A.B. asks: 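Below is one structure. I have some questions about it.
Whatever order the structure lists them in is the order used to number ligands and atoms, beginning at 1. Owing to the predicted nature of the structure, the values given are computational and were not obtained by experimental measurement.
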Amino acid sequence: MNKIKVMSFFGTRPEAIKMVSVIKAIEKCPDIAGSVCLSGQHREMLSQVLKAFAVKADHDLKIMKPGQTVTTITSGVLEGMEELFRAEKPDLILVHGDTTTAFAGALAGFYAGVPIGHVEAGLRTYDKYSPYPEEMNRCLISRLADLHFAPTPSNRANLEREATAGRIFVTGNTVIDALQTTVQAGYQFRDPMLAQIDLDAGRVILVTAHRRENWGEPLRRICRAIRRIVEENPDVQVVYPVHLNPAIRSVAEEELGGVGRIHLIAPLDVFDMHNLMARCYLVMTDSGGLQEEAPALGKPVLVLRTETERPEAVEYGTVKMAGIEEEQIRSMANELLRDPVVYNRMAQAVNPYGDGRAAERIVGAILYHFGRGEKPREFQV
Ligand code: UD1
Ligand code: UDP
């Protein structure tokens with residue numbers, strides 16, 4: 001029997017981190033011939049992940065440009081994929097999440113008549129412009145996809161409410177698969193700047209921010225809040241691996257550069273990042289992935305946004321929405337830093353997002369879809 005040809009397509013750091021376990025599970029499956037195709041929407045931040053997990057790409061569209069827009073990303077992917085689909089003729093393309101690479105990859109698959117599998121399907125804020133453009137990207141991918149791999153039962157319920165066509169499988173989130181391989185006892189940091197920071201010198205707040213809707217003034221307010229939190233709590237230090245986007249770097253450096261006990265460092269490789277998260281006191285972020293990882297590690301999260309598509313850990317109490325206003329962010333962080341009761345209530349390890357076996361279920365569902373296996377048992381919280 002011919003092998004099923006499955007092309008994994010992605011282009012940014014978080015997609016890579018969350019697709020690695022799927023790629024590895026496909027490699028082990030004798031019925032599937034896997035290939036890896038990159039859009040190259042990210043360059044250095046993507047290479048970091050591929051290197052850390054020893055993943056080799058078969059194709060790279062290399063579309064990244066400084067100052068790229070959602071339009072240039074979309075057109076670059078559509079043009080590149082048309083040619084590649086003609087040459088490769090996959091039976092299925094897998095896209096991940098809500099980036100413009102993922103949306104354009106799914107659209108290119110649809111144009112070429114290639115069935116589409118969507119990993120991390122069904123997350124919603126129901127606000128068209130927040131997060132922008134991710135909310136609309138993932139809604140549109142749901143309309144295009146044939147197979148929907150929903151991390152949680154509530155993600156499935158979102159898809160069912162929208163009467164989404166195609167098959168839905170609840171798999172857990174592949175980020176938990178990744179986390180189970182990266183976090184190690186006695187881990188030694190590889191990044192030279194991180195290795196120099198004395199993490200025992202004070203409680204560590206791990207900060208990241210990159211969302212498009214936070215560019216400009218909201219990011220400035222977030223940075224000012226962080227500065228005040230550090231000034232008001234002498235035993236606190238901040239480690240902030242800054243995204244390579246110049247729009248983020250310039251504001252972070254202007255507002256926080258040279259401030260005592262604030263370490264602005266380059267993006268960390270995923271092993272360093274996950275192990276730093278495991279050792280920090282508190283996470284403050286506008287990232288999607290960190291909202292899933294930190295609760296699994298028992299770290300409270302303040303989300304620097306006004307909404308989230310990941311309500312599960314908010315319901316469990318490990319994640320709180322801190323918004324994008326300086327005073328609210330400052331007061332919520334200070335409460336957590338000063339009130340052990342509030343802190344301990346939040347610092348519970350909860351794992352509503354997965355059990356480390358999402359990739360195995362995704363591969364099982366692909367085999368089932370192509371008539372080569374039993375329906376996999378779904379992830380239950
Ligand atoms: C993208 C995704 C976002 C995802 C995020 C993860 C879209 C529209 N946005 O946003 O959903 O959460 O990735 O990080 O798909 N850059 C580099 N090197 C890199 C990566 C980026 O120099 O390795 C710089 C480039 O100047 C690039 C800019 O960052 O133009 C912005 O990158 P882009 O992918 O457009 O936006 P992100 O904010 O990273
Ligand atoms: N991450 C990383 N190094 C960093 C910052 C983040 O490896 O310096 C990881 C993080 O642990 C998570 C993913 O990148 O797995 C999240 O990526 P990002 O915040 O860029 O995107 P989002 O999840 O918001 O789409």
A.B. asks: Could you tell me the residue and atom name of the protein heavy atom closest to atom 25 (O) of ligand 2, and the distance to it rounded to 0.1 Å?
C.D. replies: Pro14 CG, 3.5 Å

A.B. asks: Using a 4.0 Å heavy-atom cut-off, which part of Asp272 comes near ligand 2: side chain, backbone, both, or neither?
C.D. replies: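 Neither part.
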
A.B. asks: Is it the side chain, the backbone, both or neither of Lys65 that has a heavy atom closer than 4.0 Å to ligand 1?
C.D. replies: backbone

A.B. asks: Please write down residue, atom name and distance for the protein heavy atom closest to atom 14 (O) of ligand 1.
C.D. replies: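 Here the closest protein heavy atom is His42 CE1, 3.3 Å.
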
A.B. asks: Starting from atom 33 (P) of ligand 1, find the nearest protein heavy-atom neighbour and note its residue, name and distance.
C.D. replies: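 The answer is Gln68 NE2, 3.2 Å.
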
A.B. asks: Which one holds for Ile248 and ligand 1: side chain close, backbone close, both close, or neither close, with close meaning a heavy atom under 4.0 Å?
C.D. replies: neither

A.B. asks: With a 4.5 Å limit on heavy-atom distance, are the side chains of Thr125 and Pro131 in contact?
C.D. replies: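 They are in contact (side-chain heavy atoms under 4.5 Å apart), so the answer is yes.
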
A.B. asks: Check each atom of ligand 2 against the heavy atoms of Ile17 and keep those under 4.0 Å away; list them by number with element.
C.D. replies: 7 (O), 9 (C), 13 (C), 14 (O), 15 (O)

A.B. asks: Pairs of nitrogen or oxygen atoms closer than 3.5 Å, one from Thr12 and one from ligand 1: do any exist?
C.D. replies: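 No, no N or O pair falls under 3.5 Å.
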
A.B. asks: Suppose we measure from atom 36 (O) of ligand 1 to each protein heavy atom; which comes out shortest, and what is that distance?
C.D. replies: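 Checked against all protein heavy atoms, atom 36 (O) of ligand 1 sits closest to Arg212 NH1, 3.2 Å.
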
A.B. asks: Any atoms of ligand 2 less than 4.0 Å from a non-hydrogen atom of Leu268? List them with their elements.
C.D. replies: 2 (C), 3 (N), 4 (C), 7 (O), 8 (O)

A.B. asks: Just to confirm my output: which protein heavy-atom neighbour is closest to atom 23 (O) of ligand 2, and how far is it?
C.D. replies: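 Ranked first by proximity to atom 23 (O) of ligand 2 is Gly289 N, 2.7 Å.
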
A.B. asks: Between Thr101 and ligand 1, is there a nitrogen or oxygen pair with a distance under 3.5 Å?
C.D. replies: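 N/O-N/O distance under 3.5 Å: no.
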
A.B. asks: Taking heavy atoms and a distance under 4.0 Å, where does His210 meet ligand 2: side chain, backbone, both or neither?
C.D. replies: side chain

A.B. asks: Among all protein non-hydrogen atoms, which one is nearest to atom 5 (C) of ligand 1, and what is the separation to 0.1 Å?
C.D. replies: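 Residue, atom and distance for the closest contact: His210 CE1, 3.6 Å.
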
A.B. asks: Is there at least one pair of N or O atoms, one from Met45 and one from ligand 1, spaced under 3.5 Å apart?
C.D. replies: yes

A.B. asks: With only distance considered, is Thr100 within less than 3.5 Å of ligand 1 through an N or O on each side?
C.D. replies: yes

A.B. asks: Looking only at distances, can you tell me whether any N or O atom of Ser287, backbone or side chain, sits closer than 3.5 Å to an N or O atom of ligand 2?
C.D. replies: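 Yes; the residue has a nitrogen or oxygen that sits under 3.5 Å from a nitrogen or oxygen of the ligand.
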
A.B. asks: Should His243 be listed as contacting ligand 1, given a heavy-atom distance under 4.0 Å as the test?
C.D. replies: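 Right, His243 reaches ligand 1.
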
A.B. asks: Of the listed options (Arg310, Lys18, Met273, Glu293), which comes nearest to atom 15 (O) of ligand 2 when hydrogens are ignored and any heavy atom counts?
C.D. replies: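 Ranked by closest heavy atom to atom 15 (O) of ligand 2, first place is Glu293.
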
A.B. asks: Under 3.5 Å, N or O to N or O, is Gln41 touching ligand 1 that way?
C.D. replies: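 So ligand 1 has an N or O lying under 3.5 Å from an N or O of Gln41.
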
A.B. asks: So if I count the atoms of ligand 1 from 1 in the order they appear, which ones are less than 4.0 Å from some heavy atom of Pro133?
C.D. replies: 8 (C)

A.B. asks: Quick one: nearest non-hydrogen protein atom to atom 20 (O) of ligand 2, plus distance?
C.D. replies: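 Protein heavy atom at minimum distance: Arg13 NH2, 2.8 Å.
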
A.B. asks: Out of all atoms in ligand 2, which are within 4.0 Å of some heavy atom of Val270? Include the element for each.
C.D. replies: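 Answer, ordered by atom number: 7 (O).
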
A.B. asks: Quick test of your reading of the structure: of Arg138, Arg211, Arg43, Met64, whose heavy atom lies closest to atom 22 (O) of ligand 1?
C.D. replies: Met64

A.B. asks: For Thr74 and Thr100, which I'm curious about, is there any donor-acceptor pair between the side chains at under 3.5 Å?
C.D. replies: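 Thr74 vs Thr100: no donor-acceptor pair found between side chains.
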
A.B. asks: Hey, is Asn137 one of the residues with a heavy atom under 4.0 angstrom from ligand 1?
C.D. replies: no

A.B. asks: Backbone, side chain, both or neither: what part of Ala247 comes under 4.0 angstrom of ligand 1, heavy atoms only?
C.D. replies: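 Contact part for Ala247 vs ligand 1: neither.
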
A.B. asks: Does some non-hydrogen atom of Glu15 fall short of 4.0 Å from ligand 2?
C.D. replies: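 Per 4.0 Å heavy-atom rule, Glu15 does not contact ligand 2.
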
A.B. asks: A side-chain contact here means heavy atoms from C-beta on lying under 4.5 Å apart; do Phe271 and Phe53 qualify?
C.D. replies: yes

A.B. asks: For ligand 2, which atoms have a heavy atom of His274 less than 4.0 angstrom away?
C.D. replies: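 Selected atoms, number and element: 11 (O), 15 (O).
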
A.B. asks: Which one holds for Met45 and ligand 2: side chain close, backbone close, both close, or neither close, with close meaning a heavy atom under 4.0 Å?
C.D. replies: neither

